[in-house]
Asker: 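Let me give you the structure first, and then I'll get to my questions.
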Amino acid sequence: MLLDAADSQLVLVDYQEKLMPAIHDAAFVQANALRLAKAASLLKVPVWGTEQVPEKLGQNIPALRELCQRTVTKHHFSAVADGLVECLRPPQRPAGGNARSLPKHLQKPQAPATPERATVVVAGCEAHVCLLQTALELIEEELDVWVVTDACGSRTERNRDAAFDRLASAGAELVTTEMVLFEWMRTAQHPAFRDIQALIK
């Protein structure tokens, strides 16, 4: 069971300017988030950001923010409540053709909306609050959630690690930044291999 870049989306939760100085090992966490976002851009994986009450905590760090297709402003701890799923799931297409002219018993029911990219790779801060609640609600939305542990942080290691235990129990896959990058590429023959390898060195 490997990640597939063509089926993935990346969500970066709350790497905000006024929050990051309080995060344990913030420089390491932030560097891995940036690696993920840059690799996603190289591999055409959509990147979404979230910001918790940015008027108080500031925006996401500029280097990450500029790599996001959209940044969701939120006041709930989970980004799902403030519209993240609408980014992840494309709008349902209306039925086409001449279905309305057919007798009712011959009309095909409209297929339910399904995400074009059902795998959501998630990283962020704080791991035990906004990241945890967002990931759990994405699982409830029946998305396939992969949490990048070395790109997640909390103010304390104990809170961060408790979040990982709970997420694993709920069905999230726990991975590292390098696992994600190499699974997205699958082969050293990938056209982006040298560029992505340079992000790791």
Asker: Mind checking the OG1-CD1 spacing from T134 to I139? Nearest 0.5 Å is all I need.
Answerer: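 One finds 11.0 Å between OG1 of T134 and CD1 of I139.
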
Asker: Return the CZ to CG distance between R166 and L132, rounded to the nearest 0.5 Å.
Answerer: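 One finds 5.0 Å between CZ of R166 and CG of L132.
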
Asker: Does G124 offer a backbone N or O that forms a donor-acceptor pair with the side chain of Y15 under 3.5 Å?
Answerer: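 Yes, the answer is positive, given that a donor and an acceptor are paired below the 3.5 Å cut-off.
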
Asker: For H75, is there any backbone N or O sitting under 3.5 Å from a side-chain donor or acceptor partner on D82?
Answerer: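 Yes: the side chain of D82 pairs with the backbone of H75.
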
Asker: Working note: V148 + V122, criterion side-chain contact (heavy atoms from CB on, under 4.5 Å); need CA distance, chi angles, decisive distance, verdict.
Answerer: CA-CA 6 Å; V148 190; V122 188; over 6 Å; no

Asker: Can you confirm whether more than 12 heavy atoms, excluding those of F182, are under 6.0 Å from its CZ atom?
Answerer: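 Counting neighbours around CZ of F182, more than 12 heavy atoms of other residues, nucleotides or ligands fall under 6.0 Å, so yes.
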
Asker: Report the distance from atom OG of S169 to atom CZ of F164, rounding to the nearest 0.5 Å.
Answerer: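 The OG atom of S169 sits 13.5 Å away from the CZ atom of F164.
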
Asker: Show your reasoning for whether side chain to side chain donor-acceptor pair (under 3.5 Å) applies to D7 and T119.
Answerer: CA-CA 6 Å; D7 189 48; T119 301; 2.9 Å; yes

Asker: What do you reckon, is CD of E55 surrounded by more than 12 foreign heavy atoms closer than 6.0 Å?
Answerer: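 Atom CD in E55 is packed in, count exceeds 12.
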
Asker: Which pairs of donor and acceptor atoms, one on a side chain in residues 34-46, lie under 3.5 Å apart (sequence neighbours left out)?
Answerer:
from: R35; atom 1: NE; to: L199; atom 2: O; distance (Å): 2.8
from: R35; atom 1: NH1; to: N32; atom 2: OD1; distance (Å): 2.9
from: S41; atom 1: OG; to: A37; atom 2: O; distance (Å): 3.1

Asker: Between R160 and T149, is there a side-chain heavy-atom distance shorter than 4.5 Å?
Answerer: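 No, side chains not in contact.
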
Asker: Can you confirm whether D14 sits close enough to E126 that some side-chain heavy atom of one is under 4.5 Å from a side-chain heavy atom of the other?
Answerer: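 In short, these two side chains do not touch, never coming nearer than 4.5 Å.
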
Asker: Assess the residue pair L3 and W146 against the criterion (side-chain contact (heavy atoms from CB on, under 4.5 Å)); give the C-alpha distance rounded to whole Å, side-chain angles, the decisive distance to 0.1 Å, and a yes or no.
Answerer: CA-CA 9 Å; L3 281 167; W146 298 60; 3.4 Å; yes

Asker: Go through the steps to decide whether N60 and L12 satisfy the test side-chain contact (heavy atoms from CB on, under 4.5 Å), and finish with yes or no.
Answerer: CA-CA 9 Å; N60 284 342; L12 301 173; 5.6 Å; no

Asker: Only counting residues at least two apart or in another chain, list the ones meeting side chain to side chain contact (heavy atoms under 4.5 Å, CB included) with N159.
Answerer: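 If we apply the side chain to side chain contact (heavy atoms under 4.5 Å, CB included) test to N159, skipping adjacent residues, the hits are H128, S154, T156.
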
Asker: Between E51 and R65 (salt bridge meaning N to carboxylate O under 4.0 Å), is one present in this structure?
Answerer: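 Here E51 pairs with R65 in a salt bridge, since their nearest N and O are under 4.0 Å apart.
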
Asker: What's the shortest heavy-atom distance between A163 and A127, and which atoms?
Answerer: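 What the structure gives for the nearest pair is CB-O, 3.4 Å.
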
Asker: Closest heavy-atom contact between A81 and E137?
Answerer: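 Looks like N-OE1, 4.2 Å.
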
Asker: Is it the case that the side chain of H76 and the backbone of S78 share a donor-acceptor pair, with hydrogens and angles ignored and the cut-off at 3.5 Å?
Answerer: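 Side chain of H76 to backbone of S78, a donor-acceptor pair under 3.5 Å: no, none is there.
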
Asker: Any sub-3.5 Å donor-acceptor pair from E17's side-chain atoms to L57's backbone N or O?
Answerer: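 Not a single qualifying donor-acceptor pair exists.
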
Asker: Identify whether the distance between the nearest side-chain nitrogen and carboxylate oxygen of D4 and R186 falls below 4.0 Å.
Answerer: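 No, this pair does not count.
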
Asker: With rounding to the nearest 0.5 Å, note down the distance linking OG1 in T187 to NE2 in H190.
Answerer: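 The OG1 atom of T187 sits 9.0 Å away from the NE2 atom of H190.
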
Asker: Is there side-chain contact between V11 and L88, with at least one heavy-atom pair below 4.5 Å?
Answerer: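 Side-chain contact under 4.5 Å: yes.
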
Asker: Under the side chain to side chain donor-acceptor pair (under 3.5 Å) rule, what do W184 and S8 come out as? Steps first, then yes or no, please.
Answerer: CA-CA 9 Å; W184 275 349; S8 295; 3.1 Å; yes

Asker: Just verifying a value: how many Å separate R155 CZ and H24 NE2, rounded to the nearest 0.5 Å?
Answerer: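 Spacing of CZ (R155) from NE2 (H24) equals 13.5 Å.
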
Asker: Do V147 and V85 land in one hydrophobic cluster if side-chain heavy atoms of ILVMFWY residues count as linked below 4.5 Å?
Answerer: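 In one cluster: yes.
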
Asker: Where the side chain of Q16 meets the backbone of Q52, is there a donor-acceptor pair that is under 3.5 Å apart?
Answerer: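 Checked: pair present.
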
Asker: Using modelled atom types only, decide if a donor and an acceptor are shared between the side chain of D144 and the backbone of V120 within a distance under 3.5 Å.
Answerer: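 Flag not set: sc D144 to bb V120 has no pair under 3.5 Å.
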
Asker: Would you say C130 and K74 make side-chain contact, with heavy atoms under 4.5 Å?
Answerer: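 The answer is yes, as the side chains (C-beta and beyond) meet within the 4.5 Å cut-off.
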
Asker: Find the distance between CH2 (W48) and CG (L84) and round it off to the nearest 0.5 Å.
Answerer: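 So the CH2 of W48 and the CG of L84 are separated by 9.0 Å.
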
Asker: F77, L136: one ILVMFWY side-chain cluster at the under-4.5 Å cut-off?
Answerer: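 In one cluster: no.
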
Asker: Test L131 against C125 for side-chain contact (heavy atoms from CB on, under 4.5 Å), laying out the working first.
Answerer: CA-CA 6 Å; L131 181 280; C125 302; over 6 Å; no

